[in-house]
Amino acid sequence: MFDGTIDKNRLPRHIAIIMDGNGRWAKRQHKTRIQGHEAGSRAVREVIESCRKLGVPALSLYAFSTENWRRSKTEVNALFHLLSKYIRREIDELHANNVRVRFMGRTDRIPKAAWADFVAAMERTKDNTALDVCIALNYGGRAEIVDAARQIAEAVKAGTLDPAQLDEAAFAKHLYIPEYSEVDLLIRTSGELRLSNFMLWQVSYAEITVPDVLWPDFSHQHLLEAIAAYQQRDRRFGGRP
Ligand code: FPP
């Protein structure tokens with residue numbers, strides 16, 4: 001049984017989470033899907049707090065994918081409403097705790113009122129340094145790679161980039177948040193074994209854990225277990241010792 005001990009000197013620098021299972025949690029509790037997402041937002045609060053206290057520098061959270069538009073209009077509207085409400089409610093505390101809030105994804109379809117709240121949060125917290133929380137909204141890993149390729153093609157067309165100079169490091173500079181172009185630990189809750197189009201470039205060498213817990217029940221203890229599992233892995237990045 002895991003005793004909660006982790007090595008604070010070998011923390012993952014960037015944790016990404018696919019927060020899955022809000023709907024199943026709601027069903028089990030005889031609640032609505034929206035109530036499931038509300039419970040999920042409480043787990044978000046806890047994981048941000050845990051990462052900050054542990055000293056993990058970056059956390060990316062998959063809140064809304066480019067595929068999630070296929071859900072009912074009621075659920076989509078409720079999710080954006082919930083995200084706005086979350087940001088407005090939490091922003092003072094996040095800022096006081098030196099947390100920087102960032103959003104990544106395509107901004108075009110995000111409802112205007114919600115986007116205004118997100119922009120205000122990004123602007124207010126932009127100089128904070130304790131923890132970067134990157135919320136993926138209208139996000140798709142393939143879309144991110146296509147957007148990067150388009151920027152690169154524009155630079156070549158404009159004559160500012162020589163195609164011969166393009167390598168992985170140069171490509172990664174065009175990702176939505178270039179500083180976090182590597183994920184060390186990817187957590188997907190609810191036990192499903194899929195990437196679901198999340199941070200495809202960044203997870204190339206990520207260690208993956210799939211705790212058998214629905215997202216609203218994910219706690220500080222589950223995070224410690226995932227970090228402990230990560231620390232037990234032998235990360236070779238394709239090489240051999
Ligand atoms: C997946 O569960 C979850 C989502 C698509 C939304 C994630 C959103 C939150 C956790 C709400 C708040 C987020 C932030 C950043 C404050 P699902 O609905 O696919 O669950 P199911 O597979 O059990 O149906």
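In listed order, ligands and their atoms are each counted from 1.
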Fill in the blank from the handout: The atoms of ligand 1 lying under 4.0 Å from a heavy atom of G23, numbered in the order shown, are 17 (P), 18 (O), 20 (O), 21 (P), 23 (O), 24 (O)
Handout entry: Whichever hydrophobic residues join V146 through chains of side-chain contacts under 4.5 Å
Key = none
Practice task
Could you tell me which atoms of ligand 1, counted from 1 in the order shown, lie closer than 4.0 angstrom to a heavy atom of W215?
Solution key: 10 (C)
Handout entry: Spacing of OG belonging to S60 relative to CZ belonging to R102, to within rounding of 0.5 Å
Key = 9.5 Å
Practice task
Report the nearest protein non-hydrogen atom to atom 4 (C) of ligand 1: residue, atom name, distance rounded to 0.1 Å.
Solution key: H37 CE1, 4.0 Å
Practice task
Would you mind running through ligand 1 and noting each atom that sits below 4.0 Å from a heavy atom of A63?
Solution key: 6 (C), 7 (C), 8 (C)
Problem - Main-chain N/O of A206 paired to D184 side chain as donor or acceptor, under 3.5 Å - result: no
Exercise for the section: Would you indicate whether the side-chain heavy atoms of L186 and L195 approach each other to under 4.5 Å? Expected result: yes
Handout entry: Distance-only N or O hit between ligand 1 and D20, under 3.5 Å
Key = yes
Practice task
Could you tell me how the ring of F198 sits relative to the ring of Y139: parallel (under 30°), tilted (30 to 60°) or perpendicular (over 60°)?
Solution key: perpendicular
Handout entry: Option set K27, R24, R71, M19, criterion heavy-atom distance to atom 19 (O) of ligand 1, minimum
Key = R71
Fill in the blank from the handout: heavy-atom search around atom 13 (C) of ligand 1 in the protein gives L83 CD2, 3.7 Å
Practice task
Pull out every atom of ligand 1 sitting under 4.0 Å from any heavy atom of R33, numbered as shown with elements.
Solution key: 17 (P), 18 (O), 24 (O)
Fill in the blank from the handout: shortest atom 10 (C) of ligand 1-to-protein heavy-atom contact is with N22 ND2, 3.4 Å
Exercise for the section: Applying side chain to side chain donor-acceptor pair (under 3.5 Å), name anything that partners R70, two or more places apart in sequence or on another chain. Expected result: none
Handout entry: Nearest protein heavy atom with distance in Å, relative to atom 12 (C) of ligand 1
Key = S41 CB, 3.7 Å
Exercise for the section: Anything under 30° is parallel, anything over 60° is perpendicular, the rest tilted; go ahead and classify W215 against F218. Expected result: parallel
Practice task
Take T189 and D20, measure what side-chain hydrogen bond (donor to acceptor under 3.5 Å, both in side chains) needs, and give me the verdict at the end.
Solution key: CA-CA 5 Å; T189 55; D20 195 16; over 6 Å; no
Practice task
Would you mind telling me if ligand 1 is within reach of the side chain of N68, the backbone, both or neither, using heavy atoms under 4.0 Å?
Solution key: side chain
